[in-house]
Protein chains: 2
Amino acid sequence: MNFPLKAAVKCGQCPIRHRAVCAHCDDDELTLLEHMKSYKTFAAGETILWRGDELAFVGSVVQGVASLSKTLEDGRTQMVGLLLPSDFIGRPGRQQIEFDVTATTEVTLCCFERKPFEQLIQNTPHVAQRLMELALDELDAARDWMLLLGRKTAREKIATFVQMLVRRTQVRHIDGKLHPLSMPMTREQIADYLGLTLETVSRQFNGLKKEGVIAFSDRRQFEVLDLAGLHAATGDDAEFIS
Amino acid sequence: MNFPLKAAVKCGQCPIRHRAVCAHCDDDELTLLEHMKSYKTFAAGETILWRGDELAFVGSVVQGVASLSKTLEDGRTQMVGLLLPSDFIGRPGRQQIEFDVTATTEVTLCCFERKPFEQLIQNTPHVAQRLMELALDELDAARDWMLLLGRKTAREKIATFVQMLVRRTQVRHIDGKLHPLSMPMTREQIADYLGLTLETVSRQFNGLKKEGVIAFSDRRQFEVLDLAGLHAATGDDAEFIS
DNA sequence: TGCGATCCTTGATCTACATCAAGGATCCGC
DNA sequence: GCGGATCCTTGATGTAGATCAAGGATCGCA
């Protein structure tokens, strides 16, 4: 099932080669990165970085799912980002992060030490440019999520979440239906991502299930039966397909 | 009161010279920008750019306040960004924007045509770097707002909003109290920024007023009487002063 | 200086979702 | 394949904030 990640996978064989921070690199640049990189694996639930930590390394998610989250004084938490394969952790010019980074499933990262990586950016505009694109993509995603958190109903939130999973996992279409997808997180984690409680998440999933929009085979495995119905349930303006 | 913006203010005299996209530029680079720039002014309420518009120009807010907002099918709207002086509109490599940009107060922009500006970026790393910093700052702000929208109570939202105004307008402190600040938007616009209704915004302002945390002289003019009380009301973890 | 438009306040009521509660399914280590 | 931990579902009840409604303040323009 999983891509077999040895300690030294060749960049050429890497599953995220054309989407990650290295996407625009030519062979020479890739060789440079090849020598700097190292893989780290984290078990599900393990914290990768704590808020306020000094950022020793940066890197890309190769496999699995990680999440960024923020917490209030009394413990209420909000997930502020979901990192899927090819997403990047850490920013040039920042030595601290202002949120916790946690492994949601088992996660494999392709890491670089921050200092050398920042020097490399100076001389490889392809990496700097890709980093900028990734940051702007994240900004777009954050703004879509602001609309969701501020104005959408529970049902619309769940539908939007499922739609996002479908899009980001780029699953193949079969006559309007879709291959089974995996739900990479618990109801509670989904609740923290959507600004809901786990009970409401559960009720809304079952609502969409009863209406025949989605179906669960397993509680972590589901498929979309009615893609048009799903889109309609998101509340988004159909005029703009984002 | 306002900085007197003629059609051709020298960059050296510009009020946002050291915070905007040109912050890191040396004199030569500034001369280049000087020749490319032009000022545009928009009246309060005027739309600067519509969602989906082809992005002909990019630029910085010099004076006034603009806002970015997204709308659902049925008209519910959420503000996804507030642009104060020195903030930048438009992104390299994107020819479209996915939200409306509106003048909240009268706004003056320092504009550049997009195509020439993008070429300029290639050769002036100082501008490219500053653009990256600005994008990352916006990403941080967006994530703080996600926590607010998803998990804060109405009271915490209002307190956080006031705190943000205090910080961003960098008002001088006088023994814990603060100089009068201006509220650059209506109750309805604030509601759209905080994911509330205008009635709730009004009630919460009056709540904080009754408790002596803030005071209004005019409905657009107020001051913070109890800064510590304000911070306490935001719900944020005091351990991390962001 | 007067009048309509806009903006704000305040009160009464409603409702979507949170909270509280309990039981059932699934997983995992022994 | 047994027993506790974790995760999920479902029901009953509570409540923060939305919605509905009406009146008051302030603004801008003749």
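Remember, it's a predicted structure, so these values are computed and weren't measured experimentally. Every chain is numbered from 1 and lettered A, B, ... according to where its sequence line falls, protein lines coming before strand lines.
- Remark: the backbone N or O of B:L49 is not paired with any side-chain donor or acceptor of B:T47 at under 3.5 angstrom.
- In this structure, A:G195 reaches the sugar-phosphate backbone alone: every heavy-atom distance under 4.0 Å involves primed, P, OP1 or OP2 atoms, never a base.
- At whole-Å resolution of the value, CG in B:D192 and P in D:dG17 are 17 Å apart.
- A 6.0 Å sphere centred on CD of B:E188 holds no more than 12 heavy atoms belonging to other residues, nucleotides or ligands.
- Protein atom CD of B:Q204 is 11 Å distant from nucleotide atom P of D:dA16, rounded to whole Å.
- Residues B:T153 and A:R76 are in side-chain contact: their nearest non-hydrogen atoms beyond the backbone lie under 4.5 Å apart.
- The aromatic rings of A:F205 and A:F216 sit perpendicular to each other, their planes meeting at more than 60°, with 30° as the lower class boundary.
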So A:D192 and A:T77, side-chain hydrogen bond (donor to acceptor under 3.5 Å, both in side chains) or not? Walk me through it. CA-CA 6 Å; A:D192 281 345; A:T77 85; 3.0 Å; yes
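- Residue B:R187 is in sugar-phosphate contact alone, with no base atom involved, counting any heavy-atom pair closer than 4.0 Å across all strands shown.
- Residue contacts for A:T197: at a heavy-atom cut-off of 4.0 Å it reaches a base atom on one of the strands shown.
- Comparing A:T200 and A:R151 along DNA chain D, the residue whose closest nucleotide (by nearest heavy atom) sits nearer the 5' end is A:T200.
- No hydrogens or angles were tested; on distance alone, a donor-acceptor pair under 3.5 Å links the side chain of B:R203 to the base of D:dT19.
- Two residues are said to be in side-chain contact when any heavy atoms from C-beta on lie closer than 4.5 Å; A:L225 and A:V213 fail this criterion.
- Remark: A:K37 fails to qualify as a cation-pi partner of A:F112 under the 6.0 Å distance and 45° angle criteria applied to the six-membered ring.
- Once you apply a 4.0 Å limit to the heavy atoms of chain A, the touched nucleotides of DNA chain C run 5' to 3' over C:dC17 to C:dT26.
- Comparing B:L196 and B:D218 against DNA chain D, the residue whose closest nucleotide sits nearer the 5' end is B:L196.
- B:R151 places a side-chain N or O within 3.5 Å of a backbone atom of A:L196 that can act as its donor or acceptor partner.
- Taking atom CZ on B:R220 and atom P on D:dC27, their separation rounds to 10 Å, with Å as the unit.
- The shortest heavy-atom contact between A:V61 and A:G64 is CG1-O, 3.5 Å.
- Of all the residues in residues 152-161 of chain A, not one reaches under 4.0 Å from DNA chain D with any non-hydrogen atom.
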